[in-house]
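Since the structure comes first, as structure tokens, the remarks are kept for the end.
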Amino acid sequence: MIIVYTDAHAQHNPPEEIYDGTREPYAEAAQRAENIISALRDSNIGEIIEPENYDLQHILRIHQPEYVDFIRNRSAGLGKDEILFPSYFMSDTYAPIVHGTYPAAVRAVDAALSGAEKVAAGEPTVYALCRPPGHHAEHNKMGGYCYFNNAAIAADYLSEQGKVAILDIDFHHGNGTQQAFYERSDVLYVSLHADPAVKYPYSTGFAREQGAHDGVGYTKNYPLPLGTNDDQYVTQLTVALADIAQFDPAYLIVSCGFDTYVDDPICGFGITVPGYRVIAEQIHALGLSTLIVQEGGYNIEHLGEMATSFLGGFIGT
Ligand code: OKP
Ligand code: ZN
């Protein structure tokens with residue numbers, strides 16, 4: 001397995017988010033990625049490479065030019081200790097801009113694109129340790145710790161070579177990814193997530209959202225109740241994987257969040273460390289060329305174990 005990682009993410013370091021008017025410590029902390037990469041280094045699970053640099057055109061296929069300019073200009077204009085909250089381009093109060101946000105977000109996209117390029121060249125499984133995450137980022141809105149939609153940009157890139165399925169197993173619905181492909185039939189979006197009636201992002205991810213125009217039937221949402229455990233999760237995953245098998249894609253992208261973990265501080269499912277391995281084995285059994293893109297996961301202490309268990313399920317170690 002190839003692992004794509006850069007420490008450029010660390011310059012995106014907002015100290016806080018706003019939750020219902022109260023400032024709280026930023027859950028999407030740089031330490032998340034640092035713990036994952038150090039566990040993967042120790043476990044020798046794959047070769048770790050730096051991402052290449054890619055043209056901005058790839059981002060502009062998914063995001064509005066004014067939106068990209070906004071993030072670049074506002075990031076550059078902020079001092080080292082400044083933080084920018086709500087604006088037209090923000091869906092919520094969970095994606096502030098700091099000085100290093102733009103360069104970090106661009107390098108997260110580069111990691112996903114490098115992974116996509118390796119998969120297109122025949123690599124069976126690549127893990128892109130993207131930070132900041134991406135699946136909530138819409139055409140011209142940041143939100144939920146996301147700025148550029150890493151998985152959507154990689155999926156669009158791979159869609160030039162063949163059909164792409166995206167399996168989103170983050171705890172939250174990937175509203176941005178769904179939006180990007182809602183009217184397309186060449187990219188299937190399938191998501192398992194917490195019922196949006198009770199959890200972020202609240203307004204999307206209901207089962208009735210199934211695509212529009214050419215995309216009708218190519219978006220599949222499987223909301224699950226809080227407390228969903230390993231067995232219940234795998235039962236629903238089996239249905240999602242059958243959708244993917246039926247679609248018969250050339251490539252699979254897994255938007256992988258570890259916030260379904262039983263002890264995640266802000267979520268509410270019951271997936272265990274061994275459970276992640278079972279989930280991975282089921283996905284791997286599809287036999288597809290697979291790019292795994294990191295999304296959420298906030299139990300910083302245990303993220304390394306989750307990643308090692310999950311990725312181990314793809315290589316049988
Ligand atoms: C991003 B990803 C707690 C409320 C924060 C925002 C959730 C964003 C999740 N302070 N809720 O999908 O993991
Ligand atoms: Zn999440």
Side-chain angles (χ1 to χ4, degrees), residues 9 12 14-33 35-36 83 85-86 90-97 101 104-105 108 112 128-138 141-152 166-180 189-205 221-228 233 237 253-271 276 279 292-300 302-303 306-307 310:
H9 72 85
H12 174 62
E16 58 200 7
E17 58 193 80
I18 302 177
Y19 181 62
D20 199 17
T22 304
R23 290 188 183 234
E24 295 191 348
Y26 202 62
E28 200 286 285
Q31 194 65 44
R32 297 176 56 247
N35 286 13
I36 292 175
I83 181 163
F85 273 110
M90 291 180 183
S91 304
D92 54 50
T93 52
Y94 310 126
I97 294 176
T101 297
L129 207 187
C130 297
R131 180 182 177 272
H135 72 152
H136 299 304
E138 297 189 353
K141 292 265 191 289
M142 63 202 84
Y145 313 140
C146 299
Y147 302 84
F148 298 140
N149 197 317
N150 310 308
I166 303 170
L167 174 66
D168 191 330
I169 57 169
D170 186 276
F171 176 83
H172 303 94
H173 180 243
N175 54 292
T177 313
Q178 170 170 300
Q179 182 198 56
Y189 178 70
V190 184
S191 181
L192 274 64
H193 49 266
D195 184 354
V198 294
K199 280 289 181 179
Y200 184 91
Y202 305 113
S203 59
T204 64
N221 285 305
Y222 295 112
L224 294 164
L226 292 184
T228 293
Y233 194 90
L237 180 68
I253 295 183
V254 181
S255 253
C256 177
F258 293 126
D259 43 4
T260 50
Y261 182 54
V262 60
D263 272 324
D264 190 276
I266 64 173
C267 295
F269 280 178
I271 307 305
Y276 283 112
I279 291 167
I292 301 156
V293 174
Q294 187 62 47
E295 302 287 355
Y298 307 100
N299 186 314
I300 292 178
H302 294 290
L303 275 175
M306 295 178 230
F310 184 78

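Source: prediction; values computed, not measured. In each ligand, atom 1 is the first atom listed, and ligand 1 is the first ligand listed.
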Apply side-chain contact (heavy atoms from CB on, under 4.5 Å) to A104 and list each qualifying residue two or more places apart in sequence or on a separate chain.
Q11, H12, P132
Does a donor on one side chain and an acceptor on the other come within less than 3.5 Å for [X] and [Y]?
| X | Y | result |
| --- | --- | --- |
| D168 | H135 | yes |
| T204 | H173 | yes |
| Y189 | N221 | no |
| D259 | H172 | yes |

Tell me which N, O or S atom from D259 is the closest to the Zn ion (ligand 2).
OD2
Which N, O or S atom of D170 lies nearest to the Zn ion (ligand 2), by name:
OD1
Write out all pairs satisfying salt bridge (Lys or Arg N to Asp or Glu O under 4.0 Å) with one or both partners inside residues 16-27, taking only residues at least two apart or from two chains.
E16-R23
Tabulated below should be the N or O atoms of ligand 1 paired with protein N or O atoms at under 3.5 Å; can you produce that?
{"from": "ligand 1", "atom 1": "10 (N)", "to": "E17", "atom 2": "OE2", "distance (Å)": "2.9"}
{"from": "ligand 1", "atom 1": "10 (N)", "to": "E24", "atom 2": "OE1", "distance (Å)": "3.1"}
{"from": "ligand 1", "atom 1": "12 (O)", "to": "H135", "atom 2": "NE2", "distance (Å)": "2.6"}
{"from": "ligand 1", "atom 1": "12 (O)", "to": "H136", "atom 2": "NE2", "distance (Å)": "2.6"}
{"from": "ligand 1", "atom 1": "12 (O)", "to": "D170", "atom 2": "OD1", "distance (Å)": "2.9"}
{"from": "ligand 1", "atom 1": "12 (O)", "to": "H172", "atom 2": "ND1", "distance (Å)": "3.1"}
{"from": "ligand 1", "atom 1": "13 (O)", "to": "D170", "atom 2": "OD2", "distance (Å)": "3.4"}
{"from": "ligand 1", "atom 1": "13 (O)", "to": "H172", "atom 2": "ND1", "distance (Å)": "3.4"}
{"from": "ligand 1", "atom 1": "13 (O)", "to": "D259", "atom 2": "OD2", "distance (Å)": "2.8"}
{"from": "ligand 1", "atom 1": "13 (O)", "to": "Y298", "atom 2": "OH", "distance (Å)": "2.5"}

N, O or S atom of H172 closer to the Zn ion (ligand 2) than 2.8 Å:
yes
Residues at least two apart in sequence or cross-chain that pass side-chain hydrogen bond (donor to acceptor under 3.5 Å, both in side chains) with Y298, listed by chain then number, are none
